[in-house]
Structures are given as C-alpha cells and as structure tokens.
Amino acid sequence: MTSSASVTSSASVRTDMAGTIAILTIANPPVNSLSANVRRDLVAALSRSVINGVTGVVIAGEGANFSAGADIQEFDSGLDPTAPDPNDVHAAIEASPVPVVAALRGAVLGGGLELALACHGRVADDTARIGLPEVKLGLLPGGGGTQRLSRIAQPMIAADMIASGRTLAAAEALAAGIVDRLGPDVMAAALELIAKLAASGQTATAKRPPLSGLAEAIETARAAIPAKSPHAEASRTALDSMAGAIQLPFPEALAQERRLFLGLMASTASRALRHLFFAERAAANAPGVDKTTRARAIETVGVIGAGTMGSGIAMVFANAGFPVTLIERDPTALERGLKRIRDVYDRAVAKGDLSTSQAQQRLADITGRTDMPALSHADLIIEAAFEEMAVKLAIFAELDKLAKQGAILATNTSALDVNVIARSTSRPADVVGLHFFSPAHVMRLLEIVRADETDAQVLATVIRLARQVGKTPVVVGVCDGFLANRLLYPYLRQVDLMLEEGALPAQVDKALTGFGLAMGPCTMLDMAGQDVAWHVRQRQLKDWNPAMRYSRLADLLVEQGRLGSKTGAGWYRYAAGGRQKEDDPAVEAMILAESARLGLARRAISDEEIVKRALYAIVNEGAFALADGTVQRAGDIDVAYTQGVGFPAARGGPMFWADMVGLKAIHQEILALHAGGDANWTPAPLLAALAESGRSFGDLDRERQGA
Ligand code: T1G
C-alpha cells in the first residue's frame with residue numbers, strides 16, 4: 001500500500017511514495033482536467049521523481065475520475081505558451097528510465113486517455129469509462145491519441161473510438177488491449193504491473209509499430225460516419241490523422257496530428273460545439289438553486305393522460321427504472337396508450353436497441369390505472385392531459401386533495417400559464433412545469449418552467465431528475481410558449497408571410513433544411529398537427545396588435561380539414577400512411593388565391609431571404625425573452641433549439657449563429673424590415689443595445705454569469 005505522507009505537493013499534482021515507487025496524483029477538481037498547471041506540475045513531478053531514483057511511477061486521479069481530458073475552456077481563453085503541451089508531457093513519460101503506469105478510474109477521456117496511452121501500462125477498475133470524445137467537440141485527439149491508440153488497441157475498435165467518440169466500459173477496454181489489468185484495487189494492480197515491467201523492461205508506446213489491419217479499420221470507420229453528424233468533418237479529419245500512423249514516422253505523424261487539431265480548434269463548428277458543451281451545463285442552473293440545494297427523494301412517478309405525450313413521458317421514467325402509474329380515466333384510451341408503449345418497446349427489441357428482458361422490465365414498471373387515487377403515494381405527478389386550462393385546473397384541484405404532502409405536482413403544458421395552475425392549488429410551491437418535447441421518450445430537451453412560487457428545492461429536484469432520466473434541462477420562466485415555442489411563433493409567422501409574398505412550402509422547407517435545420521417548418525407543422533398551432537394562434541388573436549402583419553394561410557388549411565400528415569394533407573399531401581410527402585397543387589392554388597385576394601404581386605424570394613427572415617425572427621424574440629427574464633442566458637436558447645427544435649449543433653444554436661453573423665448587421669436588417677411598418681420587426685431593445693455597443697450574446701452571458 002502507499003505511504004501516507006505526501007513527499008511534495010504542488011497546486012495540482014500530489015506526490016506520494018510507496019516504497020521506491022512515486023505516486024503522482026492529479027488533483028484538479030471537479031474532473032481533473034489537464035490544465036496548463038497540471039501539465040506543468042506533472043512534468044516537474046516526474047522529473048523530480050526520476051532524479052530521486054525511484055524505481056517506478058504511478059499516475060492517478062484524485063477522487064472518482066482519472067481525468068476528463070484537456071481543460072476545454074483553454075481552447076477559447078488561449079493556450080498558455082509557457083506551459084508544456086500534452087505531447088511534451090507524453091514524451092517525458094515515454095522517456096522515463098523507469099516504468100510509468102496509469103491507475104484508471106471513472107472518466108478517462110480525451111487528453112486523460114492520451115496521458116494514459118503514453119504510460120508503459122494501464123490498470124483500471126470497473127468504474128473506468130475510457131474514450132476519446134474529442135470529435136463531439138468538433139476536435140480530434142490532439143495529444144497523440146490517434147497515433148498511440150493505433151499502436152495499442154484492436155484497430156477496428158481504435159478507429160471507431162476515434163471517429164465516433166464512443167466511450168468503452170472497463171471490460172471492453174481490457175478486451176481491446178487498452179487496459180492491461182482490471183481489478184478493484186487499481187493502486188495494488190499498478191504496483192504489481194510496475195514490478196513486472198521493471199523486471200521485463202518497458203517499451204514506449206511510440207516505439208511500437210501500428211497494429212496490422214489499421215488501414216481497413218480506418219476505411220470502415222470512415223464509411224460509418226453519419227452524413228448528418230454535427231461532427232462529421234472532425235471525424236473524417238481524425239481518421240486522416242490516424243492514417244498517419246501507417247504513412248509517416250511517429251514524430252511526423254504527431255506533428256501532422258497537432259496541425260490538424262489546431263485547424264479544427266479554430267473552426268466555427270468546434271467553437272459551436274464547445275459553446276454548447278458549457279451552455280448545456282449552465283442551462284440547468286436556476287435562480288436560488290445551487291449544488292448545495294437539497295433535492296427531494298423521487299422514487300415513484302405518476303403520469304396523468306395516456307395520450308401521445310403521457311405514454312411517452314411514462315416511458316421516459318420507466319426507461320430510467322422508475323415505477324410509473326399511468327392514469328387514464330377512459331379504459332379504451334388507457335389501453336390505447338399502453339399499446340402505444342408496447343409497440344415502441346417491440347420495435348426497439350426488433351431493432352436490437354433493447355433486449356427482450358429489458359423491454360419486459362420497463363413494461364412491468366408501468367402500471368395503467370383509471371382511478372386517480374392510485375397516485376396518492378407518488379413522489380412526482382406529471383399531468384399530460386388535454387391542452388385546455390379548465391381541464392388542467394380540474395385535475396390539479398383533485399391532485400391537491402389526493403397527492404401526499406411534499407409530492408411534486410408538474411404540468412406538461414406547452415404554453416399555458418403555470419402560475420394560474422399553481423395558484424389554483426393550496427401548494428403552489430410544489431407546482432412546476434415540465435414541458436417535454438414530442439416524442440417525449442426520444443427528444444432530449446426538457447423545459448423546466450419555474451412558476452413565481454415554485455420552491456427552489458422543487459427546481460433542484462426536477463433539474464437533477466431530468467439529467468437522471470437522460471434529459472437536458474433548460475430552466476425558463478412563465479410566458480406564452482415558454483422558450484422554444486415562444487421563439488417559434490414569430491418564426492412561423494415569417495414563413496406564412498413569405499408564402500403570401502411569393503414562396504411555396506417546398507422552397508421554404510428546402511431553404512431551411514439546406515441551412516441545417518433537421519426539418520423545415522411546413523413539414524414540422526404537418527407532423528405536429530396544424531390544429532395544434534391553430535389553437536395557439538386563436539388564443540393569441542384575442543388581443544392581436546393590428547400593426548403586426550398576420551397571415552391567415554395556415555388557418556385556411558385547418559378550415560379545409562388539412563391538419564397535416566394525420567389527415568393525409570396539410571401543406572403537403574401524404575400517401576402511404578403519412579410516410580410519403582408530395583407537393584399539393586391545391587395548396588399552391590390556395591396560396592396564389594390568397595396572394596391575389598390581398599393584392600400582393602408575388603415575387604421570387606431567395607433562399608437567403610427565407611433563412612434570414614425566419615432566423616432573425618427567432619433571434620429578435622430571443623432578445624426580448626432575455627430582456628424580460630423569461631430566459632436567463634442566450635446559451636439556454638441555443639441548447640433548447642439544438643436539442644428540441646433541430647437547429648444544427650455545428651452552428652451552435654440561433655444566438656451563437658447570430659453572434660457569428662454579427663449583431664450589428666442583423667440589427668440593421670431588422671431596422672430595414674421594420675421600416676416597412678410591420679410590427680413583427682420591432683427591434684428588441686436588448687439587440688439594439690448589444691449591436692450599438694459592439695457586444696455579442698456570448699458577452700451578455702459572460703457578463704450575467706460574472707454579475
Ligand atoms: N474541461 C473543462 N471543464 C470540464 C471538462 C473539461 N474537459 N469536463 C467537465 N468539465 C466541467 C463541466 O463543465 C462542469 O462544470 C463540471 O466539470 C462537471 O461536469 C488534447 C483536445 C467527465 C463525463 O470531452 O464528458 O482532451 O458546470 O456536469 O455529468 O486530445 O464532464 O460544474 O461548472 O459534465 O459527472 C475531451 C468532457 C476534452 C470530456 C463528467 N474530454 N466532460 O460528467 O459532470 S478535449 C471531454 C464530460 C481533449 C485532447 C483533447 C463530463 C464527464 P460546472 P459534468 P458529469
């Protein structure tokens with residue numbers, strides 16, 4: 001075992017001795033990222049150990065993680081030229097005259113794995129999660145990972161890890177040759193491996209030949225890169241770097257890897273993905289909630305409503321191992337909901353995504369009931385009933401009577417006022433909005449709607465629960481549409497107005513999918529149901545600003561019963577049960593007739609204008625939402641739109657994209673559009689202020705974070 005006393009300690013690397021073996025422990029909470037200081041101290045501690053005549057070195061991580069890799073913040077704040085770069089650290093390890101072994105636990109990711117690969121051996125316990133996820137940040141392993149993994153791991157696995165960023169469990173890593181030993185006591189295993197290496201002599205990874213079969217493995221991995229992946233370019237470049245292991249001497253291949261890495265680091269796509277990495281974590285923060293806020297225990301969940309959303313939400317929690325009671329008063333509707341769930345699991349088993357026993361376990365966790373009192377013991381109850389306030393108020397009145405004290409009462413409403421629902425109960429502090437996006441068991445975004453009186457403990461509970469069930473929480477305030485839908489309203493209005501002025505649905509959709517949106521707006525509404533948006537518009541028309549142009553085109557669709565794919569017709573015509581979409585001449589005729597009725601001379605509208613007007617509408621409304629406090633950060637909007645609305649992650653989200661375009665230019669174009677008298681283009685004062693002061697939405701978020 002190791003001695004207790006630390007021989008020397010620096011800020012981020014502690015040195016202990018176990019006999020004549022030095023144990024260097026990286027201590028840089030929360031995840032031992034390899035900051036400039038850590039790299040500097042590692043080189044110094046290693047050099048000191050060798051000078052002191054140790055017979056071996058173990059490198060370990062403080063706490064649960066070995067290391068989560070490079071400090072991602074450094075890529076934007078600037079690399080410290082005075083600090084050793086990762087390749088300097090790895091060269092020092094490989095030059096060691098005594099064996100260096102990595103003791104791996106928890107996260108062994110990115111630069112953390114690269115550090116371990118430079119060691120002469122690696123041991124792990126079964127908590128280790130081992131991978132090179134750099135491509136998910138639009139990067140590639142820039143510390144020798146593409147070269148050393150090619151010399152250590154089974155080639156097909158190595159190429160897949162590098163191209164996809166997939167993380168291996170410890171046992172997989174052992175089977176792939178990345179880990180030499182697996183055991184519960186990594187320190188003991190490390191000391192044993194050092195003794196073995198000291199006896200047999202250690203070989204630096206860089207001196208080993210690349211494993212045979214690498215060329216084929218690279219081509220196989222290249223063919224498997226999903227065309228629509230936000231990091232497709234990074235994956236391809238990472239494999240190009242990996243091919244260097246075959247084509248070039250190690251030092252030249254390493255230099256090529258570094259060059260390719262720096263090129264990706266400067267790319268907009270990587271900057272966008274790095275922005276989203278931090279924005280996703282920031283979006284889970286809420287006023288009055290921090291890591292010390294105690295959460296309530298959630299063990300059982302109730303869902304009210306077995307429709308599309310209710311059954312999807314029930315699966316979200318069953319998939320995470322929670323027992324769920326699904327309430328639907330109408331037995332036929334309940335059976336329909338349960339069948340919908342069975343069908344989803346059957347398809348998952350057929351596709352091999354789930355084993356039969358997993359599907360059976362999840363189904364067993366969902367209990368269908370028609371009586372609300374079955375929820376009296378639930379810790380969390382989520383209402384997913386019909387989107388009418390009267391319906392929801394009646395349900396919450398009943399819940400107020402039967403739910404146990406301390407239960408969290410949530411509504412899945414997509415736009416209704418959660419304050420009104422909360423205040424209708426005797427326990428408003430326990431009421432919160434949990435707005436899932438359809439299909440709930442697939443879409444990662446979860447809008448957590450904090451009503452005025454929602455207790456901080458309730459927010460803390462549902463934020464942590466969201467991440468526990470695989471959702472990305474974004475905390476928003478109460479307003480019409482909360483965040484994602486509120487910003488869609490002006491976006492969809494611009495679409496309809498452009499249809500009146502000269503565009504057609506297929507062109508609009510093509511322009512926006514060409515920009516990178518997963519789905520065009522006309523197709524999106526046909527899928528969601530034209531009647532859903534119609535209900536929202538009817539509610540908003542009650543106090544409509546007459547200076548704000550309004551198109552009734554989408555209303556005409558609904559009046560003609562064209563509700564979208566579910567009725568076989570919407571903006572498009574659908575055959576084969578909604579799977580085959582066709583342009584519909586009847587819709588074109590309807591649009592042309594409406595333009596004529598309005599006396600509009602139809603004109604050619606460019607794809608560029610379509611993208612600008614559609615997205616500027618989102619950006620402008622986002623600035624209004626940031627100003628009124630409904631949304632805390634521009635980054636929250638980016639997370640919501642990339643994870644809930646299909647905005648391309650490689651563009652970072654609408655607000656990051658606007659920063660790249662330049663707020664001054666956007667503000668000028670909105671002013672020009674506003675000059676036409678349409679109140680849809682009233683410039684948000686916050687956007688004007690940022691534009692005039694030369695600041696970005698990113699600057700605003702940093703200012704607010706620093707405040
Ligand atoms: N750099 C900086 N901060 C990091 C970080 C990192 N690598 N990883 C996590 N954090 C912060 C995170 O922002 C959060 O901060 C806190 O740590 C807890 O994270 C040269 C170029 C390790 C699986 O991509 O996957 O190495 O919000 O909330 O859920 O080749 O963090 O508390 O202020 O996610 O337990 C490659 C990224 C880097 C791994 C832990 N490495 N991290 O998950 O906690 S590039 C990665 C993760 C690189 C080299 C290349 C996860 C985790 P805050 P968390 P978690």
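Remember, it's 1-based here, ligands and their atoms both numbered in the order they're listed. Keep in mind it's a predicted model, so treat the numbers as computed, not measured.
Atoms of ligand 1 found under 4.0 Å from any heavy atom of P141, numbered from 1 in the order shown, are 30 (O). Against a heavy-atom cut-off of under 4.0 Å, F277 is close to the following atoms of ligand 1: 8 (N), 9 (C), 13 (O), 37 (C), 42 (N). Using a 4.0 Å cut-off to heavy atoms of D71, the atoms of ligand 1 that qualify are 1 (N), 2 (C). In summary, the atoms of ligand 1 found under 4.0 Å from a heavy atom of G69, numbered by their order in the structure, are 26 (O). Residue G142 approaches ligand 1 through these ligand atoms, each under 4.0 Å from one of its heavy atoms: 30 (O). Below 4.0 Å from some heavy atom of G143 lie the following atoms of ligand 1, by number and element: 30 (O). Against a heavy-atom cut-off of under 4.0 Å, E114 is close to the following atoms of ligand 1: 20 (C), 30 (O), 49 (C). Near G111, meaning under 4.0 Å from one of its heavy atoms, ligand 1 places the atoms 26 (O), 48 (C), 49 (C).
Annotation: atom 52 (C) of ligand 1 to nearest protein heavy atom, L109 CD1, 4.6 Å. Considering only non-hydrogen protein atoms, atom 28 (O) of ligand 1 sits nearest to R467 NH2, 3.3 Å. In terms of protein heavy-atom proximity, atom 41 (N) of ligand 1 is closest to A68 O, 2.8 Å. Here the heavy atom of the protein found nearest to atom 13 (O) of ligand 1 is R281 CD, 3.4 Å. The shortest contact between atom 5 (C) of ligand 1 and any protein heavy atom is with V31 CG2, 3.9 Å.
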Checklist line | Candidate pair R704 and D701, rule salt bridge (charged side-chain N to carboxylate O under 4.0 Å, His left out), full reasoning | finding: CA-CA 5 Å; R704 286 185 172 188; D701 282 357; 5.7 Å; no

Inset, instruction - Show your working on ring-ring contact (aromatic ring centres under 6.0 Å, His included) between F277 and H275 and close with a plain yes or no. - result: CA-CA 5 Å; F277 174 87; H275 158 69; over 10 Å; no

Kindly indicate, with the supporting measurements, whether the criterion salt bridge (charged side-chain N to carboxylate O under 4.0 Å, His left out) is fulfilled by E280 and R444. CA-CA 11 Å; E280 181 180 321; R444 287 189 60 204; 3.4 Å; yes

Check the pair E94 / K207 against salt bridge (charged side-chain N to carboxylate O under 4.0 Å, His left out), numbers first and verdict last. CA-CA 9 Å; E94 290 190 320; K207 304 286 184 206; over 6 Å; no

- [ ] Start with the C-alpha gap between D240 and R222, add the side-chain angles, then the distance that decides, and say whether salt bridge (charged side-chain N to carboxylate O under 4.0 Å, His left out) holds.
- [x] CA-CA 9 Å; D240 294 343; R222 193 183 299 279; 2.9 Å; yes

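A cation-pi arrangement is absent between R651 and F647 under the rule of less than 6.0 angstrom and at most 45 degrees off the ring axis.
Not one N or O on the side chain of R695 forms a donor-acceptor pair closer than 3.5 Å with the backbone of L700. At least one donor-acceptor pair under 3.5 Å links the side chain of S270 to the backbone N or O of L137. Checked by atom type and distance alone, the side chain of H90 pairs as donor or acceptor with a backbone atom of P86 at under 3.5 Å. D41 places no side-chain N or O within donor-acceptor distance of the main-chain N or O of V38, the cut-off being under 3.5 Å.
Distances between N or O atoms of G110 and those of ligand 1 include no value under 3.5 Å. Ligand 1 has no nitrogen or oxygen under 3.5 angstrom from a nitrogen or oxygen of S33.
Taking the six-membered ring wherever Trp is involved, the centroid distance between the rings of F656 and Y641 does not fall below 6.0 Å.
Using a 4.5 Å heavy-atom threshold, the side chains of I162 and L140 count as separate. I23 has its side chain within reach of M187: a pair of non-hydrogen atoms, C-beta onward, lies under 4.5 Å apart.
At a 4.0 Å heavy-atom cut-off, ligand 1 does not touch R129 at all. Within the 4.0 Å heavy-atom criterion, the part of P30 lying near ligand 1 is the side chain and not the backbone. Residue-level proximity to ligand 1 for L132 is absent, since no heavy atom of it falls below 4.0 angstrom. Using a 4.0 Å cut-off between heavy atoms, P133 contacts ligand 1 through its side chain alone, with no backbone atom that close.
In this structure, atom 7 (N) of ligand 1 has protein heavy atoms in its sub-4.0 angstrom surroundings. Within a 4.0 Å radius of atom 2 (C) of ligand 1, the protein contributes one or more non-hydrogen atoms. Under the 4.0 Å distance rule, the nearest protein heavy atom to atom 44 (O) of ligand 1 falls outside the cut-off. Within a 4.0 Å radius of atom 33 (O) of ligand 1, the protein has no heavy atom. Under the 4.0 Å distance rule, the nearest protein heavy atom to atom 15 (O) of ligand 1 falls outside the cut-off.
A salt bridge links D636 to R633: at least one charged side-chain nitrogen sits closer than 4.0 Å to a carboxylate oxygen. Ion pair R129/E172 not flagged as a salt bridge, since none of the NZ, NE, NH1 or NH2 atoms sits closer than 4.0 Å to an Asp/Glu carboxylate oxygen. Under the 4.0 Å criterion applied to side-chain N and carboxylate O atoms, E257 and R148 are not assigned as salt-bridge partners.
Within the structure, ligand 1 has K291 among the residues with a heavy atom less than 4.0 angstrom away. G145 does not count as a contact of ligand 1, since none of its heavy atoms falls under 4.0 Å from the ligand.
Here atom 21 (C) of ligand 1 lies nearest to F261 when heavy atoms of F261, F66, F278 are compared.
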